[in-house]
Structures are given as C-alpha cells and as structure tokens.
*Asks:* 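Please see the structure below; I have some questions.
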Number of protein chains: 2
Amino acid sequence: MKQIKISEAVVRRMPIYLQYLNELHKREVQTVSSQDLGQKLDLNPAQIRKDLAYFGEFGRKGVGYDVSYLIEKIRQILKLDQPLNVALVGAGNLGHALCNYNTYIKDNMKIVAVFDANLAKIGTKINNLAVLPMSELNKMVSELNIRIGIITVPAIEAQNVANQFVEAGIEGILNFAPTILKVPEEVRIHHADFTTELLSLAYYLENEGEKMYEPTMD
Amino acid sequence: MKQIKISEAVVRRMPIYLQYLNELHKREVQTVSSQDLGQKLDLNPAQIRKDLAYFGEFGRKGVGYDVSYLIEKIRQILKLDQPLNVALVGAGNLGHALCNYNTYIKDNMKIVAVFDANLAKIGTKINNLAVLPMSELNKMVSELNIRIGIITVPAIEAQNVANQFVEAGIEGILNFAPTILKVPEEVRIHHADFTTELLSLAYYLENEGEKMYEPTMD
DNA sequence: TAGATTGTTAATCGATTAACAATC
DNA sequence: TAGATTGTTAATCGATTAACAATC
C-alpha cells in the first residue's frame with residue numbers, strides 16, 4: 001500500500017472519472033481503456049493511468065478497466081461508499097438548487113439539514129426539509145453526525161457562518177460566497193465561487209470593437 | 001508590451017485579486033503590498049508580484065500597489081471595463097440564483113436574456129427578465145450582441161444547449177451541468193460543476209467508524 | 001501467438017518560490 | 001538617508017507526458 005502523498009490535482013480528477021464512468025455504466029459499457037477515457041475527458045491517457053495507479057491496480061493489461069469495478073473503487077476512494085451527512089446554510093435560490101441535487105447525488109452524501117438566519121424562512125420547506133434557525137445548528141450537527149457544511153449566504157455573512165460551522169465541529173466546508181474565509185487548518189475548505197469562473201472566461205474573449213483606435217500606449 | 005502567453009493559472013487568480021481589492025476599496029484602504037495580499041489570500045507574495053507583472057508595472061517600489069489603480073487595471077485585463085452581455089438557458093433554481101447575482105456583478109457583465117425549453121415557464125419573469133423559448137435564442141444572441149452563454153439545465157440536455165449556443169455564435173460557455181461538453185475549439189468552455197468540489201471534499205475527511213476491523217486486504 | 005493496454009520509470013515541461021538589484 | 005517593497009532572474013519544486021517492459 002503506497003504511502004505517497006496524493007496531490008490535489010489527482011484527487012480533483014477522481015470525481016470527473018467517476019462522472020463519466022457512471023455514464024458508461026448506464027450505457028452498459030463493460031470495459032474502458034485509458035485511451036478512451038482520455039479522448040472523452042481531454043486528458044492524457046498516461047495521466048489517467050498514473051492517477052488511478054496511486055490507489056491500486058485497477059486495470060488489466062491488454063484489456064483496460066472494468067467499468068463497474070472502477071466505479072466501485074473510485075467510490076471507495078472518495079468515501080462515497082458510506083453515509084455522509086451535509087448541512088446547508090442559506091435557503092435562497094442557490095440553496096434550493098443544491099438541495100435539488102440531493103436526488104441527483106443519490107449517493108450516500110446527502111443534505112440532511114437546512115438553516116437560515118432569516119426568521120421569516122424558518123419552517124418553510126425545501127424538498128421536505130424544514131428550514132431551521134441558526135440556533136439549532138450546533139445541536140443538529142452532533143445529533144445527525146453532520147460532517148460537511150455548505151455556505152450559500154451573502155458574502156458579508158459567510159465568515160460568520162463558517163465560524164459557527166467550525167464551532168459545531170464540522171470537518172469540511174464548501175463555500176459559495178464570493179469571499180475568502182479563514183478557518184482553522186484542520187478544517188478543509190473548498191471554494192465554489194462561479195464568479196471567478198465567469199470573470200476569467202471573459203478574459204479569453206477576443207478583443208473587438210474598442211480596438212478601433214489606440215489612444216495612449218500606457 | 002509582453003507577448004508571452006499567460007497561463008491559465010495566472011488568469012484564474014486575477015478575479016480573486018479583484019475580489020479582495022474591491023473589499024479593501026470599500027474599507028477605504030489606499031495601498032496594499034504583495035505581502036498583505038499574500039497573507040490574506042494564502043498565496044506567495046512573489047507569485048502575486050509575478051502575476052501582476054505579466055500585465056504591466058502596476059506597483060511602486062517601496063510603497064506597494066494603489067488599490068484603486070490596481071482595481072482599474074485588473075478590470076481592464078478581464079475586459080470588465082466594457083459591456084459584456086450574457087445569456088442563460090435553464091430557468092430553474094440555479095438559473096434564478098445566477099440571475100440574482102446580476103446586481104452583485106454590477107459590472108458591465110450582465111445576464112440580458114433567459115431561455116427555457118419548458119413551455120410552461122415561457123413568459124414568467126426572473127428579475128424583470130421574461131423567460132424566452134429556445135426558438136428565440138439565435139435571434140436574441142445576434143440582436144443583443146450576446147457573447148457568453150450559461151448552461152443551467154440537467155446533464156442530458158446540456159450538450160444540446162451547447163450546440164445551439166455554438167450555432168448562435170456564442171464565444172464562451174459557462175457550464176453548470178455535471179457532464180463534459182464537446183464544442184469547437186474556438187469556443188471557450190469553463191466548467192462550474194460543484195459536485196466535483198463536493199466529492200473531492202469528502203476525500204479529505206478523516207476515515208472514521210468503519211475502521212473498526214479490516215476485512216480483506218484487497 | 002499477435003495485438004492491446006496496463007503500471008511505472010525516466011524525461012520534459014511548467015509553475016512556484018527565493019533572492020536581490022533597483023528605487024520609491 | 002534608511003527601510004520597504006517592487007519587478008525580475010535564477011533555483012526549486014511538482015506535475016504532465018513519453019516510453020516501454022510486463023502481461024493479459
């Protein structure tokens with residue numbers, strides 16, 4: 001069993017492999033090669049083989065990877081083979097959207113509690129989950145063994161929510177608010193801010209129109 | 001003026017710098033050093049200086065960077081100093097959430113048209129934007145000079161929507177559907193799938209509970 | 001067997017960091 | 001002037017890719 005530290009880049013590709021493998025499984029494809037995967041995912045086949053080899057010998061020389069078996073293995077790697085409870089704070093549109101994915105992520109990972117600071121929202125239902133007041137957060141996290149927290153509140157409130165998550169003993173946070181959060185280093189934090197994606201997309205558009213004249217050089 | 005190809009990693013950090021600089025500006029901070037920025041954003045100061053230096057000499061030795069000036073420059077780099085129209089397909093919860101950000105991204109980048117394949121949704125309003133049928137997409141893209149498309153439809157429909165965007169002449173796509181899309185290489189595509197973030201977050205949680213016994217070695 | 005494809009080592013490529021002269 | 005901080009070059013680090021023996 002390897003004890004090499006596996007890089008973040010590798011870990012982040014695992015869910016991508018899983019996604020496509022699930023697609024193949026639904027299409028009843030039995031076997032896939034690193035070649036095939038690379039073509040579809042725009043990745044180098046050698047990289048895919050290397051990524052998977054960090055975790056074990058999942059393929060068969062001359063044959064490729066058994067789709068079902070590889071799915072099972074990646075699910076184990078990502079710990080999706082065991083229940084994992086998630087809490088969400090911020091019952092706005094984005095919070096709603098994420099709760100809807102609950103069914104999609106039919107996996108063992110599930111949003112089991114939704115909180116909001118706005119008292120008007122308390123008690124309203126999101127997919128048969130009643131919105132709870134923030135005062136319940138601490139209690140619910142221990143009672144339901146919640147290990148991951150999702151933040152979908154406005155940027156100004158995000159750090160505050162993060163603090164409450166940390167105090168409640170959450171282990172990982174997925175932050176959708178467009179702001180950098182400070183948490184103790186034992187808490188893992190992932191940033192899911194799409195404004196970053198959107199703004200960097202704009203960079204790659206061709207300049208046009210305004211290129212008619214060139215005022216100062218600057 | 002440098003003609004060096006600027007790496008994607010560098011471009012992706014620009015919106016992060018901008019985000020924090022805007023915060024500083026609101027707090028009326030005049031000047032910031034790469035040291036300060038690095039501390040706050042968990043980045044190496046040398047990296048920040050190098051990133052910025054790709055685009056010009058924005059700082060003053062011994063002093064640091066003028067916050068307002070740097071904001072202006074990064075906005076130019078990301079082309080946020082000119083109007084940029086965006087279309088969104090998929091008027092679900094996620095689509096709603098993104099439209100709400102319209103006011104947040106008060107910038108020149110704006111969602112100016114929303115489409116949905118579901119006829120029941122046509123004509124309903126999202127923030128005073130009427131939801132339009134897909135048949136209008138092509139026309140609206142040219143009429144409103146829309147250059148970026150956002151996809152917030154279920155995975156199965158995503159490729160189809162992408163194709164329509166491409167045909168309409170869109171230049172960049174931000175895809176929220178959890179699937180890989182194929183587009184001609186002149187169209188830039190960014191992936192904003194948070195399931196990837198969420199699943200990779202699970203990887204980093206401590207193993208617990210199930211570690212009580214060790215069945216087979218495998 | 002011949003063809004295919006893995007797992008892995010070595011080579012390459014690119015990105016991050018350290019260091020420091022220039023200068024405010 | 002002395003202290004601070006940039007812009008940039010050189011050194012380091014890490015990730016990707018090529019190549020190939022092992023083997024199904």
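Quick note on labels: first sequence line is chain A, next is B, and so on, each numbered from 1.
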*Asks:* Could you please spell out the steps behind the side chain to side chain donor-acceptor pair (under 3.5 Å) verdict for B:N163 and B:E167?
*Replies:* CA-CA 6 Å; B:N163 295 346; B:E167 206 185 331; over 6 Å; no
*Asks:* Take the protein atom CD1 of B:I6 and the nucleotide atom C1' of C:dA15, then report the distance between them rounded to whole Å.
*Replies:* 14 Å
*Asks:* Would you say C:dC24 has OP1 or OP2 under 4.0 Å from some side-chain N or O of B:R60?
*Replies:* no
*Asks:* Pick base, sugar-phosphate or nothing for A:E57, based on heavy-atom distances below 4.0 Å to the nucleic acid.
*Replies:* sugar-phosphate
*Asks:* Compare the minimum distances between each of C:dT5, C:dC20, C:dT16 and the side chain of B:R49, then state the nucleotide with the smallest one.
*Replies:* C:dC20
*Asks:* For the pair made of CD in A:Q47 and C1' in D:dA15, what is the distance, rounded to whole Å?
*Replies:* 8 Å
*Asks:* Check whether any side-chain nitrogen or oxygen of A:R13 sits under 4.0 Å from OP1 or OP2 of D:dA15, and answer yes or no.
*Replies:* no
*Asks:* In this structure, how many angstroms lie between the P atom of D:dA15 and the OH atom of A:Y54, rounded?
*Replies:* 7 Å
*Asks:* With a 3.5 angstrom cut-off on both distances, give the Watson-Crick or G-U wobble partner of C:dG3, or none if there isn't one.
*Replies:* D:dC24
*Asks:* Nearest to the B:N44 side chain among C:dT17, D:dT16, C:dC24, which nucleotide is it?
*Replies:* C:dT17
*Asks:* Of the options D:dA19, D:dA15, C:dT6, whose atoms approach the side-chain atoms of A:S34 most closely?
*Replies:* C:dT6
*Asks:* Report the nucleotide, chosen from C:dT16, D:dA22, C:dT8, that has the shortest atom-to-atom distance to any side-chain atom of A:K61.
*Replies:* D:dA22
*Asks:* Using whole Å, what does the distance between atom C1' of nucleotide D:dA15 and atom CD of A:E8 come to?
*Replies:* 13 Å
*Asks:* To the nearest Å, give me how far apart CD (B:Q35) and P (D:dG3) are.
*Replies:* 17 Å
*Asks:* For C:dG7 and A:Y65 - does any side-chain N or O of the residue sit under 4.0 Å from the phosphate oxygens OP1/OP2?
*Replies:* yes
*Asks:* Find out whether A:I151 and A:L181 are in side-chain contact, i.e. whether some heavy atom of one side chain is under 4.5 Å from a heavy atom of the other.
*Replies:* yes
*Asks:* Between A:H190 and B:E197, is there a donor-acceptor pair closer than 3.5 Å when you use the side chain of the first and the backbone of the second?
*Replies:* yes
*Asks:* Would you kindly give the CZ-to-C1' distance between B:F58 and D:dT8, to the nearest whole Å?
*Replies:* 15 Å
*Asks:* Starting at CG of A:L37 and ending at C1' of C:dT6, how long is that distance when rounded to a whole Å?
*Replies:* 13 Å
*Asks:* Would you mind reading off the distance between B:F55 atom CZ and D:dG7 atom C1', rounded to a whole angstrom?
*Replies:* 15 Å
*Asks:* Flag yes if more than 12 heavy atoms outside A:E28 fall under 6.0 Å of its CD atom; otherwise flag no.
*Replies:* no
*Asks:* Please report the closest heavy-atom contact between B:L205 and A:K79, naming both atoms and the distance.
*Replies:* O-NZ, 2.7 Å
*Asks:* Side chain of A:K50, heavy atoms from C-beta onward: which of C:dA10, C:dT16, D:dG7 has the nearest atom to it?
*Replies:* C:dA10
*Asks:* I want to confirm an ordering. Mapping A:D51 and A:G62 to their closest nucleotides on DNA chain D, which one lands closer to the 5' end?
*Replies:* A:D51
*Asks:* Taking a pair as Watson-Crick or G-U wobble with both distances under 3.5 Å, which nucleotide is matched to C:dT12?
*Replies:* D:dA15
